[in-house]
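Chain letters run A, B, ... following the sequence lines, proteins first and then strands; every chain starts at 1. Quantities reported herein were computed from a predicted structural model and do not represent experimental measurements.
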There are 2 protein chains.
Amino acid sequence: MAIKAEIIAVGTELLLGQITNTNGQWISEKLATKGIGVYFHQVVGDNKARIKSTLSQALDRSDLIFITGGLGPTDDDLTREIVAELVERELIENDEMLTQLKQYFKQSNRVMSKNNYKQAQVIAGAKIIPNPIGTAPGMMVEYQSSLLILMPGVPSEMKYMMTESVLPFLEKNYQLKEVIVSKMLRCIGIGEAQLETKVKNLIEQQSNPTIAPLAADGEVALRLTALANSKAEANRLIEAKEKELHALIGSYIYGSDEQTLTEVVIDRLKEKNQTIAGAESLTGGKFADQIVSIPGSSRIFNGSLISYTEDAKISALGVNRSTIDQYGMVSKQTAYEMAKRAQGVFNSTYGISFTGVAGPDPLEGQPVGTVFVCLYHSDKDYLIEKFHFSKPRNSIRALSVKKGLEMIYKYLK
Amino acid sequence: MAIKAEIIAVGTELLLGQITNTNGQWISEKLATKGIGVYFHQVVGDNKARIKSTLSQALDRSDLIFITGGLGPTDDDLTREIVAELVERELIENDEMLTQLKQYFKQSNRVMSKNNYKQAQVIAGAKIIPNPIGTAPGMMVEYQSSLLILMPGVPSEMKYMMTESVLPFLEKNYQLKEVIVSKMLRCIGIGEAQLETKVKNLIEQQSNPTIAPLAADGEVALRLTALANSKAEANRLIEAKEKELHALIGSYIYGSDEQTLTEVVIDRLKEKNQTIAGAESLTGGKFADQIVSIPGSSRIFNGSLISYTEDAKISALGVNRSTIDQYGMVSKQTAYEMAKRAQGVFNSTYGISFTGVAGPDPLEGQPVGTVFVCLYHSDKDYLIEKFHFSKPRNSIRALSVKKGLEMIYKYLK
């Protein structure tokens with residue numbers, strides 16, 4: 001018999017529309033990959049009677065009940081108490097939790113107020129879900145034939161608990177017969193419509209695995225989803241379909257699943273023992289930030305110089321004033337000098353530069369959305385591309401970085 | 001008696017986590033401004049029995065039942081049929097709808113398939129909600145004391161119907177004397193529990209406006225929500241409570257509603273005609289990126305130097321090797337020199353530096369999460385703070401930037 005799961009989000013701010021219940025979507029996606037069927041999502045406010053009735057209904061119809069939110073220190077955080085009541089157990093202050101809590105506050109130099117002690121309370125007999133990145137520990141409580149899983153509403157903490165504790169626990173303790181395996185094939189340098197046309201036949205014949213084209217953040221991807229009785233079988237189905245797709249669009253595929261273009265580019269540079277440095281104008285550090293967000297990037301990234309004003313380009317970066325005077329800040333000549341200087345200043349294999357008009361106003365008569373990106377290796381070996389993005393300011397900045405990464409990726413290929 | 005609303009989203013793709021139920025958030029937000037309280041969100045799959053039980057439960061407890069999704073042309077679009085069954089009415093093909101539907105397909109040069117005829121079916125006695133931008137018309141059906149509002153799941157179509165038809169209808173036909181006005185007071189430099197303790201009395205006596213503490217991204221906020229017969233009256237209530245709160249915690253409040261700390265800091269610098277430059281190590285451009293993301297920041301921001309490696313700190317930024325050798329890259333001495341150099345290189349009023357251990361591994365014997373931030377104005381006038389964040393790599397980096405902004409904010413105050 002298939003396991004029935006239900007996801008309940010607790011919090012009046014959700015019912016007031018102040019935040020979106022993204023936890024429901026995230027948990028559902030993860031459970032789907034384990035072949036666990038989610039039958040209901042519910043959102044209920046910080047109201048004792050309504051939380052209680054929602055939970056009792058869930059206990060009647062669901063095997064796994066995921067509850068997010070209501071574990072905070074404040075008086076309107078009710079989940080802990082109500083679940084204890086429903087499963088007829090005591091709430092006990094847990095010494096270990098209290099110690100961890102005190103430690104957490106000590107380390108983050110924050111004052112632990114009386115209310116926080118509440119967060120060290122644990123339902124008798126519950127399995128504690130560690131939460132090293134927050135104050136509220138989670139809990140798993142068995143009651144009758146159901147398992148209640150209590151987690152904080154803060155997405156980062158919930159995701160940590162799911163990945164580190166809850167999902168492994170479910171895999172170990174439940175017979176998860178059917179498995180759904182999904183794989184994303186990430187593409188670059190092709191539009192969604194164009195991609196769909198190329199794989200149209202495969203999509204039309206699709207049954208298992210299914211193929212769905214997705215577009216986001218200037219990239220497109222294909223999601224393959226296979227259903228089978230074993231992970232091995234599902235993977236076989238995916239691999240087979242993947243081969244077909246590679247034959248059709250292999251040249252556009254740069255990676256799969258959670259892999260990002262940034263990671264792929266960093267790995268390529270590591271393989272070649274090469275380094276890169278940046279000179280950023282309109283992107284204002286976004287390129288560097290994306291590189292540095294990946295652990296271990298220091299091996300390939302020395303630094304980036306953000307010269308947001310003309311003077312900074314000249315004084316800090318060392319671009320010739322004459323170049324800017326003659327061609328303007330937003331020009332291929334300035335882009336070239338910026339990239340070349342970045343390579344020199346940081347003494348790297350490559351320099352990459354971003355200069356353009358993020359808006360709201362045009363610059364030097366160039367329309368908003370005009371961007372030059374230069375990838376420099378030597379005076380004989382460099383690339384300059386001009387782009388135009390008809391997007392809002394911060395999309396222009398993000399797409400510029402994406403195009404820069406694409407240029408590096410293609411160059412290193 | 002207050003009107004009770006409930007929002008039900010129908011669609012298996014939501015339970016598979018392929019999409020997020022943003023409709024629930026959007027509808028809730030709109031209803032809140034009309035003083036209509038939303039008590040539950042539900043998501044149910046394309047399954048007849050479960051949709052039926054979910055809807056009957058809603059009919060028992062809610063006055064307004066918003067149902068999104070399941071109005072499409074395919075066989076798993078069940079909402080129309082099930083609602084007709086529940087309210088004991090016929091489904092009738094509506095000529096007007098059929099004409100519109102045919103027209104729609106003609107205009108968009110699409111072939112109208114046999115399934116689409118289903119979308120011209122209307123529940124007897126239902127009020128039709130026009131949908132010029134899609135194929136599925138919506139419906140409003142009264143049953144017993146409840147009103148069921150059927151809309152497509154496609155956000156753009158649902159939003160069009162809500163704005164053009166449903167909200168005006170509710171205003172006209174329901175005594176919506178009350179309006180709800182919300183205001184967020186954004187605080188910095190205080191934890192959620194600590195904040196709640198300070199305003200505990202106000203929260204305990206609270207009735208209207210209500211006060212709710214919220215925490216996110218290293219910041220806390222108080223949400224005031226006032227219910228009144230007019231917007232003016234609601235605003236008066238909010239202002240009055242705001243005064244009381246300012247008296248108690250004014251020193252922690254930096255802004256309100258959508259205002260960000262970054263914007264406030266930029267405005268302060270503009271007022272003073274001062275400029276700032278950065279020297280970033282572990283933050284790797286995140287500080288600069290946040291500043292540059294705000295239009296017009298070039299007036300106060302010259303640039304930032306991202307020196308991710310020791311050599312870059314020395315060669316590009318000009319920190320003394322001896323300082324790094326003696327005290328290490330992650331030290332207050334290095335933070336001081338970085339900030340001072342940033343100010344000099346970019347010839348700004350202030351320099352701010354970030355150096356620390358983002359992880360995954362410790363550095364120079366310093367544990368992951370150790371961060372030094374220095375705000376430099378002159379050799380006699382600078383601040384250095386040491387932080388420890390027990391968070392994942394990118395949270396450490398984000399919190400470092402937040403603390404830096406907090407230091408600037410307090411200094412300029």
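The side-chain heavy atoms of B:R397 and A:D289, taken from C-beta on, include a pair separated by under 4.5 Å. Side-chain contact check for B:Q18 versus A:R223: some heavy-atom pair is nearer than 4.5 Å. You'll find the side chain of A:Q57 reaches within 4.5 Å of the side chain of B:Q57, heavy atoms only. No side-chain heavy atom of A:Q25 sits under 4.5 Å from any side-chain heavy atom of B:N21. The shortest distance between side-chain heavy atoms of A:F301 and B:I306 falls below 4.5 Å. Side-chain contact between B:F40 and A:V43 is absent, with no heavy atoms from C-beta onward closer than 4.5 Å. Counting heavy atoms from C-beta outward, B:R393 and A:V292 have side chains that approach closer than 4.5 Å. Between A:S304 and B:Y308 there is no side-chain heavy-atom pair separated by less than 4.5 Å.
Looking at every heavy atom in both residues, B:H41 comes nearest to A:L15 through CD2-CD2, 3.5 Å.
Expressed to the nearest 0.5 Å, how far CG of B:N394 lies from OG of A:S156 amounts to 12.0 Å. Atom OG1 of B:T309 and atom CZ of A:F346 lie 8.0 Å apart (nearest 0.5 Å). For the atom pair OG of B:S395 and CD of A:E157, the computed distance is 9.5 Å after rounding to the nearest 0.5 Å.
For a residue to count as touching a neighbouring chain, one of its non-hydrogen atoms must lie under 4.5 Å from one of that chain's; by this rule B:S293 touches chain A with backbone and side chain alike. In this structure, chain A has a heavy atom under 4.5 Å from the backbone of B:L14, while its side chain stays farther away. In this structure, no portion of B:I36 lies under 4.5 Å from any heavy atom of chain A. B:P295 touches chain A through backbone and side chain together, each having a heavy atom under 4.5 Å away. Residue contact with chain A, scored on non-hydrogen atoms closer than 4.5 Å, is absent for B:I7.
For B:K200, the salt bridge (Lys or Arg N to Asp or Glu O under 4.0 Å) test picks out A:D75, B:E204, with sequence neighbours left out.
In terms of heavy-atom pairs under 4.5 angstrom with chain A, the leader among B:S298, B:S28, B:S348, B:G296 is B:S28. Between chain A and the residues B:A193, B:A32, B:S315, B:A288, the most heavy-atom pairs under 4.5 angstrom are made by B:A193. When the candidates B:V345, B:L399, B:L16, B:N302 are compared by the number of heavy-atom contacts under 4.5 Å with chain A, B:N302 comes out ahead.
Within residues 275-284 of chain B, the residues that have a heavy atom under 4.5 Å from a heavy atom of chain A are B:L282, B:T283, B:G284, listed by number.
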